[in-house]
Amino acid sequence: MIAALADVYRTLFGLELAALFQYRAAMVIWLLGLMLQPLVHLVVWLTVAASKGGRVGDFDSGALAGYFLAVMLVNHVTFTWHMFEMGWRVRSGFYNPILVQPLHPWHRDVLQNAAYKVLTLAVVGPAVALLAWYFEPRFDPPLWAALAFAPVLALAFLLRFLFEWALGLLAFWITDTSGLNALYWGLGMVLMGGLAPLSLLPDWLEAAASYSPFRWMLAFPVELILGRLTPDQTVNGVLAQGAWLTAGAAAIHFGWSRASARYGAVGN
């Protein structure tokens, strides 16, 4: 079973890579937008820090540069776009041939996402290195944190993917989900730590982030690679990721079983 699934994954991954090569210009535009956002936030916070004597909260200029460059990299690895496409998929009949296939459609989306990240990391990596040369960020992760970063980052990607894919399923019941997606995106960027480090937010907002799935999608791996977490905090964070992953998987199972039945009942 596992070997057969691995063969399917290899085949679909190759197909997704080939398909993405046809949209090279669009990929560059998407990538620029993704990278510009944390860069703008970095410049804003460096300006704020300079106006306050070189520090804002527990961040100096080097720590701010390290934070937002890490956000740029982590956000690139973890972000997804499928919830924005789900409404079009439902309206266009995209799922008509997919419903009769034995592989759950989220597998295809994971592979498409992974293929995009593999292709674009060739651009993101050098760009982050160049920005690091210019802004002189400071990273102080102990060895154990550096080793834990990759699995934590993988869990963050899966967590973000599952929740956003589950949210996208609302398109089977709501005609236009663009407003809901925009609300989620705006709230998520705040609670993920994309607009500012969570420690710089009001206490109640930082607490809300910790009790939501958002912190574990972005801020947690960023804080880990910056060396700002203890081993106990890291273990607790991984447990939180695992708990929210379980909730996200349950949401997809529950939502897709009803969405596919609804789609089959009313679709063409």
Side-chain angles (χ1 to χ4, degrees), residues 1-17 19-20 30 75 77-118 153-189 191-192 211-218 239-268:
M1 179 65 180
I2 295 177
L5 186 60
D7 288 339
V8 172
Y9 263 51
R10 280 194 295 269
T11 301
L12 290 177
F13 184 77
L15 291 173
E16 293 296 345
L17 281 177
L20 286 170
W30 300 335
N75 188 51
V77 173
T78 61
F79 93 100
T80 72
W81 59 85
H82 303 291
M83 70 178 183
F84 297 103
E85 294 183 345
M86 200 69 78
W88 169 83
R89 290 179 173 186
V90 174
R91 294 190 300 271
S92 67
F94 173 87
Y95 285 114
N96 289 351
I98 292 178
L99 283 173
V100 299
Q101 298 176 10
L103 193 67
H104 196 291
W106 73 261
H107 291 278
R108 293 176 177 274
D109 288 344
V110 165
L111 291 168
Q112 184 185 64
N113 202 293
Y116 175 82
K117 307 297 176 58
V118 169
L153 184 60
L155 290 173
F157 162 68
L158 289 174
L159 175 58
R160 191 167 176 180
F161 178 90
L162 291 178
F163 265 87
E164 294 181 5
W165 210 89
L167 179 65
L169 291 177
L170 292 175
F172 284 86
W173 289 270
I174 302 174
T175 304
D176 184 4
T177 58
S178 57
L180 182 63
N181 291 339
L183 176 63
Y184 169 88
W185 188 259
L187 180 63
M189 279 294 100
L191 297 181
M192 286 181 194
Y211 285 104
S212 76
F214 293 111
R215 176 176 185 174
W216 317 109
M217 299 176 181
L218 181 65
L239 292 175
Q241 285 183 313
W244 284 113
L245 273 170
T246 303
I252 285 183
H253 177 75
F254 178 83
W256 178 252
S257 63
R258 283 151 183 79
S260 58
R262 176 182 176 82
Y263 183 84
V266 302
N268 296 325

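Here, residue 1 is the first one in the sequence, and each next residue gets the next number. As the structure is a prediction and not an experimental result, all values here were calculated from the model. In what follows, every heavy atom counts, from backbone to side chain, and hydrogens, waters and symmetry copies are set aside.
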Query raised in the report: Can you tell if the side chain of Leu218 reaches within under 4.5 Å of the side chain of Phe79, non-hydrogen atoms only?
Result: no

Query raised in the report: Under 4.5 Å between any side-chain heavy atoms of Ile252 and Trp165, yes or no?
Result: yes

Report task. Quick one: closest heavy-atom pair of His82 and Asn113, and the distance? Result -> NE2-ND2, 3.8 Å

Report task. Drop me the distance from Thr78's OG1 to Lys117's NZ, to the nearest 0.5 angstrom. Result -> 6.5 Å

**Report entry** Minimal non-hydrogen separation, Gly168 against Met86, with atom names
**Finding:** O-CG, 3.0 Å

**Report entry** Qualifying salt bridge (Lys or Arg N to Asp or Glu O under 4.0 Å) pairs, either residue in residues 164-180, two or more places apart
**Finding:** Arg160-Glu164

Query raised in the report: Do you know the tightest heavy-atom contact between Leu162 and Ala249?
Result: CD1-N, 4.0 Å

Query raised in the report: Tell me, do Trp185 and Phe84 make a side-chain contact under 4.5 Å, heavy atoms counted?
Result: yes

**Report entry** Check: Leu167 and Thr177 side chains under 4.5 Å, non-hydrogen atoms
**Finding:** no

Requested in this report: Return the orientation label for the Trp88 and Phe94 ring planes: parallel under 30°, perpendicular over 60°, tilted otherwise.
Outcome: tilted

Report summary line: Rounded to the nearest 0.5 Å, the CG atom of Asp109 sits from the CH2 atom of Trp81 at a distance of 8.5 Å

Query raised in the report: side-chain contact (heavy atoms from CB on, under 4.5 Å) with Trp173: which residues, sequence neighbours excluded?
Result: Arg258, Ala259, Arg262

**Report entry** ring-ring contact (aromatic ring centres under 6.0 Å, His included) partners of Tyr184, counting only residues at least two apart
**Finding:** Phe214

Query raised in the report: When rounded to the nearest 0.5 angstrom, what distance separates CZ in Arg89 from CG in Leu169?
Result: 10.0 Å

Query raised in the report: side-chain contact (heavy atoms from CB on, under 4.5 Å) with Ala247: which residues, sequence neighbours excluded?
Result: Phe163, Trp244

Query - Test item: Met83 and Leu180 side chains (from C-beta on) under 4.5 Å apart, heavy atoms - result: no

Query raised in the report: Any salt bridge (Lys or Arg N to Asp or Glu O under 4.0 Å) pairs touching residues 94-107, not counting sequence neighbours?
Result: none

**Report entry** Partners passing side-chain contact (heavy atoms from CB on, under 4.5 Å) against Ala240 (at least two apart in sequence or in another chain)
**Finding:** Trp216

